[in-house]
Amino acid sequence: MPPLTDDRSARLPFVVLVLAAGIFLMGTTEFVIAGLLPEISDDLGVSVSHAGLLITAFAAGMIVGAPAMAIATLRLPRRFTLVLALTVFAVGHVVAALSPSFAVVLAARVVTALATGTFWCVAAVVATTAAGPAMTSRALGMLLGGMTVANIAGVPLGSWLGQVSNWRGPFWVLAALSAAAAAVIGRYIPDEERCEARSVRAEFAVLRQGRVWLALSAIALLMGGVLATYTYISPLLTERAQIPAAAVPLVLTGYGAGALLGTTVGGRLGDRRPLATLITAAAATSLILLLLVFFSTSPVVTVVLVTVMGVTAFAASPVLGALVRRFAGSAPTLASALASSSSNVGVAVGSWAAGIALASPLRQAGPPLVGTVTAALTLVPLTALVLMRATRSDDHAVTSDPSPRGRARVG
């Protein structure tokens, strides 16, 4: 028998890198608005809080749009769907850049969110299919790496461009880059016109699987816990840790670098022992958030904890996405879309609860406390997954690949 190759040294297919570049553009547009709200407010004649609806609208579009568009485009060839999503994304940015109306810009943000949700769920399926069962978590880690690099580089550069020109400048750049990405994806994504037609009924059958819902719950809880803290990280750094405001971007860059490291390490470990990796990451994240509650009065300790928080939290993200896809078997598109929606639900609910805690007597310690409790609750669905896996022998429910290399160990 020929020796098995070492999956850890295998290279991901080029198409995964191309799709990660598309995710980078969409991650940039999702978060760059936060740094441009004053400029948008002045130009469109609305208050800053009203301009903030551009962020809310995008999140709502992602929550509702990802699963809806996944089903709507299910029977279309995946390459065509990816190119169409990027084209709509580009057109939405052009419309926003040209319009003097806040209502039109708001509508354009919803449309681009729908395109983002569509691209993400289809890209996850294409990337993991191209990578194969042995590198599913690594492929998803690469896609999430595109989102992380958007936070490290894309968002700061977009904010800087919007401040030195005007807020419309980043929209024009994103439109041009997404049009170029559509051309590249049209060139490199394999044609699957002859593949079997995908079944809407089979996709909805995924909703009857308890393990899918447990994994989705873990995504919402973990992301909700981390983003409850991250949403209000600036007052924690400047008011509680007494870090100068000018140094806050550097701290956030450390968080982003930690997240990039986390997705890389988690993707590699998750392909070998997914549930062990998840439980370790969730427990470590809960501990880091708890330490922030008590020790965030120290600038040095706070910077270290925020950086490590990025590593531990994002180490779990590609593994959770991979589990959702494996539990979905041969109908992964809707499940991938629901994974994206779950993450956004966690962000919305976690940031809302953290805002209430910030206004309470807990003040800046409130958001990390909310984050600690929420992240710790992630261990409930993860423990249920361990128990279900330990008492069932139907390994084929975890992955459609019956070979030893296609089965994920959960130790």
**Item:** From CA spacing to verdict: side-chain contact (heavy atoms from CB on, under 4.5 Å), Leu19, Leu82
**Value:** CA-CA 9 Å; Leu19 293 170; Leu82 291 169; 3.8 Å; yes

Please examine the side chains of [Y] and [X], heavy atoms only from C-beta on, and report whether any two atoms are closer than 4.5 Å.
X      : Y      : value
Val311 : Val265 : no
Leu385 : Arg211 : yes
Arg240 : Thr302 : no
Val324 : Leu338 : no
Thr374 : Val349 : no
Asp43  : Asn166 : no
Ser317 : Met223 : yes

**Item:** Residue pair Leu98, Trp172: steps toward the side-chain contact (heavy atoms from CB on, under 4.5 Å) verdict
**Value:** CA-CA 9 Å; Leu98 290 173; Trp172 284 113; 3.5 Å; yes

**Whether Thr378 side chain and Ala375 backbone form a donor-acceptor pair below 3.5 Å** =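 Yes.
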
**Request:** Measure from the side-chain N and O atoms of Thr112 to the backbone N and O of Arg109, and report whether any donor-acceptor pair falls under 3.5 Å.
**Result:**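 Yes, Thr112 side chain to Arg109 backbone: donor-acceptor pair under 3.5 Å.
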
**Request:** Heavy atoms only: give me the nearest Ala357-Pro367 pair and the separation to one decimal.
**Result:**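 Shortest heavy-atom separation between Ala357 and Pro367 comes out as CB-N, 4.1 Å.
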
**Item:** Nearest non-hydrogen partners of Ile189 and Arg79, listed with the distance
**Value:**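 Looks like O-CD, 3.1 Å.
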
**Item:** Steps toward side-chain contact (heavy atoms from CB on, under 4.5 Å) verdict (Leu323, Leu275)
**Value:** CA-CA 9 Å; Leu323 280 186; Leu275 290 180; 3.7 Å; yes

**Request:** If a pair satisfies ring pair (Phe, Tyr, Trp, His ring centres under 6.0 Å) and one of its residues is in residues 82-138, list it, with sequence neighbours excluded.
**Result:**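 For residues 82-138: His50-Phe102, Phe89-His93, His93-Phe171.
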
**Within residues 249-291 or reaching into it, pairs that qualify as ring pair (Phe, Tyr, Trp, His ring centres under 6.0 Å) - sequence neighbours excluded** =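 Only Tyr230-Tyr255 qualify under ring pair (Phe, Tyr, Trp, His ring centres under 6.0 Å).
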
**Request:** Applying ring pair (Phe, Tyr, Trp, His ring centres under 6.0 Å), name anything that partners Tyr188, two or more places apart in sequence or on another chain.
**Result:**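 Per chain and number, Tyr188 pairs via ring pair (Phe, Tyr, Trp, His ring centres under 6.0 Å) with Phe14.
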
